[in-house]
Amino acid sequence: MSLFFLTLGFGLVTASVLSLLSVGLSLQFGVTNFVNFAYGSYLSAGMLFTWTFSAKLHFPFVLATVCGVILTAILALIVNEVVFEPFAKRRKSIFYMLIVTFGLSLLLDSILQIFYGVGFDKFPIKQSAAIKIGPFDFTGVQLLIILVAVVSMVVIHLLLTRTSLGKKMRAMSDNPDLAKISGIDTKSVTRATWAISGALAGLGGVVLALNTVYFETTTGDSLLFVIFAAVILGGIGQTYGAMLGALVIGVVTEVSAVWVSSAYKTDVAFLILVIMLLVRPQGIIASQGKA
Amino acid sequence: MDIILGYVTTILVFFFTYNIFTLGLNIQFGYTGILNFTVITFMAIGGYVAAVLAMPKAPAGSGIYYILGLNLPWPIAALGGVLAAGLLGYLIGQIALKRLRSDYLAIVTLATGTLLYGLIGNGTSIFDGWQGLFNVPQPFAGFRTWTPLGYSIFFTIVTAVIFVFLWLFANRIYKSPLGRVMRAVRDDQDVVEAFGKNTFKIRMTAMVLGSMYVGVGGVLTIAYITALSPAGWTTGETFVVWAALLVGGRGNNFGAIVGSFLVAVVFNEATRYLPQIPAHPNLIPDIRYVLIGLAVILSVYFRPQGVFPEKKNTFFEVPLGDNSKTIEEHLAGGLSKVGEQ
Amino acid sequence: MATISNDPSTQVNVALEVESLKKSFGGVAAVDGVSFSVEKGTITGLIGPNGAGKSTMVNLISGALKPDSGHIRLDGHEIGGLEPHQIGARGLIRTFQISREYPDMTVMENLIVSAANQGERLINVCFRPSVGKKRDRELVERALHTLVTFGLYPLRNEYARNLSGGQKRLLELSRAVMADPKVLLLDEPMAGVNPALIEKLGEHIVGLNKELGTTFVLVEHNLEIVEKICSKVIVVALGATLAVGTMAELRKNQAVVEAYLGGDVRERVGS
Ligand SMILES: Nc1ncnc2c1ncn2[C@@H]1O[C@H](COP(=O)(O)OP(=O)(O)OP(=O)(O)O)[C@@H](O)[C@H]1O
Ligand SMILES: [Mg+2]
């Protein structure tokens, strides 16, 4: 029983990490309507940038994180401006957009590797002692991760429901043509979306690195399909679905350690992805659009 | 002289195997529009399975572990490897091809690649984990006493023959009614489906065939270098194949040859001679991948049809040159093949 | 109202029958219990205001969408819930509201690839290449005839992506002919086409109907052409059948005029 609660606690932390990452991917998909296969690189960039600010430039960790996240958002914006915008202008088909993001993942990863090299690193912070909350034992860092995720989800919710930007994003997500006709400046909404997606990837990358302690340039890519699993589980392009998907994948993959070796955590995520695609490809929260 | 010849044969084997990968991806993407983002995994599965079928049982207490070890003759082992690659393609197809979305398939291929990479690397008893297999038997090595160079030349010829056969077959598919329907699926799957054709079956055929092609390349690769470990099939290698296809020209098998030559041989070999920087041993491979990634993106942007675009297909025509008759009268008089216009 | 006869003697003449068909998207009923029948060898119009559910009906009948409930019968056999390719193979071919040619194939290839039974099997590629070649010869001949009929002959070796909007419409129709359909379901084949070409497309449809006996279901906003070529017109609104009759009868029908034919359409019809 205690093993169950221990893993459930891990699950909630992993779910928190995943929620940031899958919401970031899903928001962008909803607005631009193509899957970003380079998302893992943004994630790695976020943790590595933060590492530079924190370990090399000796910024306080919170400030380092803020800088790292902003830098990742800027990276996402630049990539949109330099790569995706020109392609969108040429009206390339979805095939080619996917190939381009795929090629981009190799490009960005390799550039990161040129600067950061291969091999593992960690943030220069101390692990704190465990704090007991109900049946769970959490470290301070884990509690912080959960807090960051919950606050971020609330912020995203408010953004989508209360701000005009959020409403425009949802309108583009529901019906891009209609959104354009009704006078929404789709270009700047797309830009804002990329910035938010990049920021969430960066922040998700940092909390991921906090959770796993050690990381390297390929950490983002190895987590990519777990993020996909969460996103597809929730219904691709559905923001709240992505939150739910992250919760399910996070908890199930960690709790599965009760029965199977925790080395197979990500395989469990893959299994969920496969079952989902076979049984209910539209996701838990179905959007019946785009037949 | 021998050194140069040995080098040439190695390059040639490399060229032919990459060509076979590219042909496989061309059948999947160029013909049918299937996005396979883990080409290299099929190479690995083909190679590994052929290897463990041909190798003897792993010696006990040697610290080397792998499954099977059936000591089968090479042609049978090779066939097993190719079928295993096809089976992997079939399973991925079952998961992802029923749905209409092309991004789901891309996601599933990528996820399968990541998963198998981890499973094979961490699972020390499957294909000996990160250490990988070595001492893989070479085909027909026991036929006679070969000099190393003699064997290399012999192997190059075997590879060349297999390549030519696969090239001709890929062309035959392209020109056949099946290839035509595949290209229609690539252009608009819903319409083909509405015209009463089972597009799942057609896409599955392309998926499995392409996977088997890549599997053949894998079988040949491991047989030539007699070893394979996960370090030899990182994600980056998939991009090399994509770059070769996109640079050469999707849908055009001649383009696939040119692309393989430019990317896999010229580019790969050229970057090999860049000076090593001791402080930064990975710099050269990293720069190589930056350039490959750029090649993929730029070729899609500037010339998505590649250096050698797909050729226009023409059919039988009414005899030309006689303008006195109407087209209807010509049609009544039968058809003849007229060359390219 | 829809008159669906249960008398077996008249059933024989029914090519397509739709009964209480329903489909909703997230709680919104796009098709809400529509019923109608289409007699063999006729050209039947299907009209209704924007958003009435016409395209959704076409998608349901052709299997692109699965109905929530109701029946669709082709030649008396239930086809509701079948896969699109199964329905296509049974002789019901549909076209799309927006032209969907195969852009990277030539006009000729667009036609040939649309024929049934081309021998498109791997086993033929491996062992019996002559099967495909022989059939190809027949298909090429038929395709050339069709292209001549539709005036696309000079464009036969042009990539379909390079065709004009009107030419693409002609291509769609000629491609559908290649499939030898029993029932041809056309979703707004005249949308965005100039008046001269509308006339021509109408003539082609009438011609095919006369020569080959193909049954047509024509979803169309252009009521002039509907009046001209359709012997029977079904009016749908809010996903259900509103009225059935000839165009002349419908124009007298107060419900139709009020619910659908409103001001702007009356102008178009010119009454
Ligand atoms: N995939 C879908 N998801 C959600 N709603 C849909 C979907 N397809 C259609 N609808 C809705 O169903 C209703 C009927 O749409 P449909 O396209 O069938 O109308 P239509 O009669 O063909 O209109 P038009 O004349 O403009 O082509 C509309 O309100 C539309 O918004
Ligand atoms: Mg419509």
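The figures here come from the full heavy-atom set of this structure, side chains too, leaving out hydrogens, waters and symmetry mates.
Taking B:N122, B:L298, B:L119, B:V290 one by one and counting their heavy-atom pairs under 4.5 Å with chain A, the maximum is reached by B:V290. For the set A:V100, A:I99, A:I111, A:D109, the entry with the most heavy-atom pairs within less than 4.5 Å of chain B is A:I99. In terms of non-hydrogen atom pairs under 4.5 Å with chain A, the most contact-rich of B:T235, B:L35, B:L283, B:V108 is B:L35.
Note: A:L277 CG to B:Y104 OH = 6.5 Å, rounded to the nearest 0.5 Å. For the atom pair CZ (A:F95) and CG (B:D103), the distance works out to 10.0 Å, reported to the nearest 0.5 Å. Between atom CG of residue A:L224 and atom CG of residue B:L110 there is a gap of 6.0 Å, rounded to the nearest 0.5 Å. Atom-to-atom distance recorded for B:Y289:OH and A:I114:CD1 is 13.0 Å, nearest 0.5 angstrom. Atom CZ of A:F228 and atom OG1 of B:T114 lie 9.5 Å apart (nearest 0.5 Å). Atom CG in B:L294 sits 9.5 Å away from atom CG in A:L106 (nearest 0.5 Å).
The two atoms that bring B:L246 and A:Y96 nearest to each other are CD2-CE2, 4.5 Å, heavy atoms only. Scanning all heavy atoms of the two residues, the minimum distance from B:A111 to A:L273 falls at CB-CD2, 4.1 Å. Nearest heavy-atom pair across B:F37 and A:L98 is CZ-O, 3.8 Å. The two residues A:F225 and B:L115 have their closest heavy-atom pair at CE2-N, 4.3 Å. B:V300 and A:F87 get closest at one heavy-atom pair: CG1-CE2, 3.6 Å. Contact detail for A:S110 and B:D286: the closest heavy-atom pair is CB-O, 3.5 Å.
Shown here is A:Y116, whose OH atom has more than 12 heavy atoms of other residues, nucleotides or ligands within 6.0 Å.
Interface residue B:T238: only side-chain heavy atoms are found under 4.5 Å from chain A. Residue B:Y117: no heavy atom, backbone or side chain, is found under 4.5 Å from chain A. Residue B:I287 touches chain A through both its backbone and its side chain, counting heavy-atom pairs closer than 4.5 Å. With a 4.5 angstrom heavy-atom cutoff, B:I107 touches chain A via backbone and side-chain atoms both. If you measure heavy-atom distances from A:F34 to chain B, you find no contacts under 4.5 Å at all. Neither the backbone nor the side chain of A:T218 comes within contact range of chain B; no heavy atoms are under 4.5 Å apart.
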Notebook entry, point to check: Under the side-chain contact (heavy atoms from CB on, under 4.5 Å) criterion, do A:V83 and B:Y301 qualify, and how do the steps go?
Noted result: CA-CA 9 Å; A:V83 184; B:Y301 186 71; over 6 Å; no
Atom pairs and distances, donor-acceptor, side-chain atoms in residues 87-96 of chain B, under 3.5 Å, two or more places apart:
| residue | atom | partner | partner atom | Å |
| --- | --- | --- | --- | --- |
| B:Y90 | OH | B:Q94 | NE2 | 2.9 |
| B:Q94 | OE1 | B:K98 | NZ | 3.2 |

